[in-house]
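What follows is a short report on a single structure.
Whatever order the structure lists ligands and atoms in, that order sets their numbers, starting from 1. Below, all heavy atoms of this structure are taken into account, side chains as well, without hydrogens, waters or symmetry copies.
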Amino acid sequence: MKPKHFLSLFDCGEEELHAIVARGIELKEHQQTGKSHTTCAGRVLGMIFELRSTRTRVAFEAGMYQLGGSSIFLNADDTQLGRGEPIEDTARVLSQMLDIVMIRASKHETIAKFAEAATIPVINGMSDLLHPCQLLADIQTFIEQRGPIKGRTVAFVGDGYNMCNSYIEAAAQFDFQLRVATPRSHAPTYLPAESRRHVVLLEDPASAVDNADLVVTDVWSSMGHEQELDRKQSFDGFQIDSHVLDNANPGCLFLHCLPAHRGEEVDEFVLDDPRSAVWQEAGNRLHSQKALIEHLLSVD
Ligand code: CP
């Protein structure tokens with residue numbers, strides 16, 4: 001039987017996703033009240049990072065430890081991956097030694113190939129296409145701060161890249177309306193059929209944010225695109241500051257997956273605006289990823 005993977009939000013049903021988010025909220029309470037939750041005792045998580053990370057790595061490593069298991073950090077430089085061992089061969093080998101694997105790779109295809117060959121669950125820790133783990137934390141944060149997200153209006157302003165694509169999937173899976181505002185040159189090219197009735201593509205940030213319940217942005221130069229010099233020019237007018245949030249619903253929430261570039265997609269102040277929950281969002285990576293590991297290992 002094929003293992004359960006999490007490469008995309010569409011790898012889970014709506015009920016499964018809601019259960020993972022609810023469990024993340026519960027695990028946060030356990031963590032904060034000191035209640036033991038060592039549901040993964042004796043289990044080992046492998047973490048393959050082709051690209052750098054702070055939040056994803058620490059959340060998975062600390063999370064696995066708190067669940068009673070352990071984790072191994074692997075990168076190309078220190079493994080045979082760096083000497084050209086095929087990703088499928090690596091998947092076959094690691095499947096016999098580990099219980100679950102997380103991969104962050106520059107190409108989504110690498111993660112898909114690994115998952116195809118693996119006989120243990122595989123988690124997408126971010127690719128050029130999607131960042132589904134971040135969405136679990138974002139949805140948990142919205143629910144904690146503002147209640148159910150179903151039927152709400154979400155504005156994604158910025159680059160139509162992996163975070164935007166995962167919001168496009170989330171709109172279908174969590175049943176909200178998504179307005180995406182990007183420069184025409186950076187509009188998302190990923191629009192699955194399931195999401196079409198939930199998503200509007202715009203080029204004007206003000207129209208997207210108007211009366212929105214949640215405003216989200218991400219860096220203008222994601223990992224691997226830092227050298228593209230014309231980006232700042234392309235995104236002129238797409239910066240989020242408190243005045244932009246003033247046009248949203250008065251009870252709106254602001255999220256950013258971090259790291260943020262102050263002076264580019266955000267001004268100096270908006271991350272600490274009372275409507276921002278970016279620090280809680282980052283912290284929720286820990287709890288939501290623990291819930292995801294439990295779910296994929298069927299120990300929840
Ligand atoms: N948001 C996010 O994935 O952060 P890291 O790149 O630090 O893991």
Side-chain angles (χ1 to χ4, degrees), residues 6-9 11 20-21 24 28 45-66 71-77 100-108 110-111 122-142 144-145 154 156-170 188 190 214-227 231 240 253-262 264-266 270-272 276-293:
F6 187 71
L7 307 196
S8 147
L9 292 178
D11 286 333
I20 294 167
V21 172
K28 184 174 182 175
L45 164 75
M47 303 185 298
I48 300 172
F49 281 96
E50 269 188 12
L51 299 165
R52 292 179 192 195
S53 167
T54 298
R55 282 144 286 269
T56 306
R57 177 181 173 180
V58 175
F60 272 118
E61 199 164 328
M64 199 59 188
Y65 179 78
Q66 291 163 10
S71 57
I72 301 173
F73 174 77
L74 301 157
N75 64 20
D77 286 348
I100 184 164
V101 169
M102 181 242 81
I103 315 184
R104 169 170 288 192
S106 39
K107 289 201 169 78
H108 190 80
T110 304
I111 303 178
V122 176
I123 298 170
N124 174 3
M126 197 189 81
S127 70
D128 56 345
L129 183 67
L130 296 166
H131 197 357
C133 292
Q134 184 67 52
L135 262 290
L136 295 179
D138 284 24
I139 300 297
Q140 177 174 337
T141 309
F142 186 87
E144 286 175 343
Q145 301 278 332
V154 178
F156 184 97
V157 177
D159 190 8
Y161 195 58
N162 52 9
M163 273 300 295
C164 179
N165 292 343
S166 279
Y167 263 94
I168 287 172
E169 290 192 345
Y190 179 73
L214 170 62
V215 178
V216 186
T217 191
D218 190 12
V219 290
W220 291 342
S221 294
S222 292
M223 277 187 274
H225 297 272
E226 292 90 341
Q227 307 311 319
R231 285 214 164 221
I240 303 291
L253 194 72
F254 171 64
L255 296 177
H256 185 313
C257 65
L258 303 177
H261 294 175
R262 292 172 176 85
E264 294 186 17
E265 79 279 3
V266 287
V270 75
L271 298 178
D272 297 305
S276 164
V278 299
W279 311 119
Q280 295 90 331
E281 176 190 11
N284 280 340
R285 296 293 302 278
L286 173 69
H287 313 293
S288 55
Q289 288 173 196
K290 283 161 75 173
L292 176 65
I293 292 168

* Structure fact -> Sequence neighbours excluded, the answer for side chain to side chain donor-acceptor pair (under 3.5 Å) partners of S8 is E169
* Only counting residues at least two apart or in another chain, list the ones meeting ring pair (Phe, Tyr, Trp, His ring centres under 6.0 Å) with Y65. => none
* Residues in side-chain contact (heavy atoms from CB on, under 4.5 Å) contact with T54, at least two apart in sequence or another chain -> none
* To do: Would you please write out the protein residues whose heavy atoms approach any atom of ligand 1 to under 4.0 angstrom, listed by chain and number?
  => S53, T54, R55, T56, R104, H131, Q134, C257, L258, R285
* Asked: Strictly by modelled atom types, are D128 and Y161 linked by a side-chain donor-acceptor pair under 3.5 Å?
  ->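 Absent: no donor and acceptor within the cut-off.
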* Asked: Does the pair E144/K28 count as a salt bridge with the N-to-O cut at 4.0 Å?
  -> yes
* Please examine the side chains of D159 and R231, heavy atoms only from C-beta on, and report whether any two atoms are closer than 4.5 Å. => yes
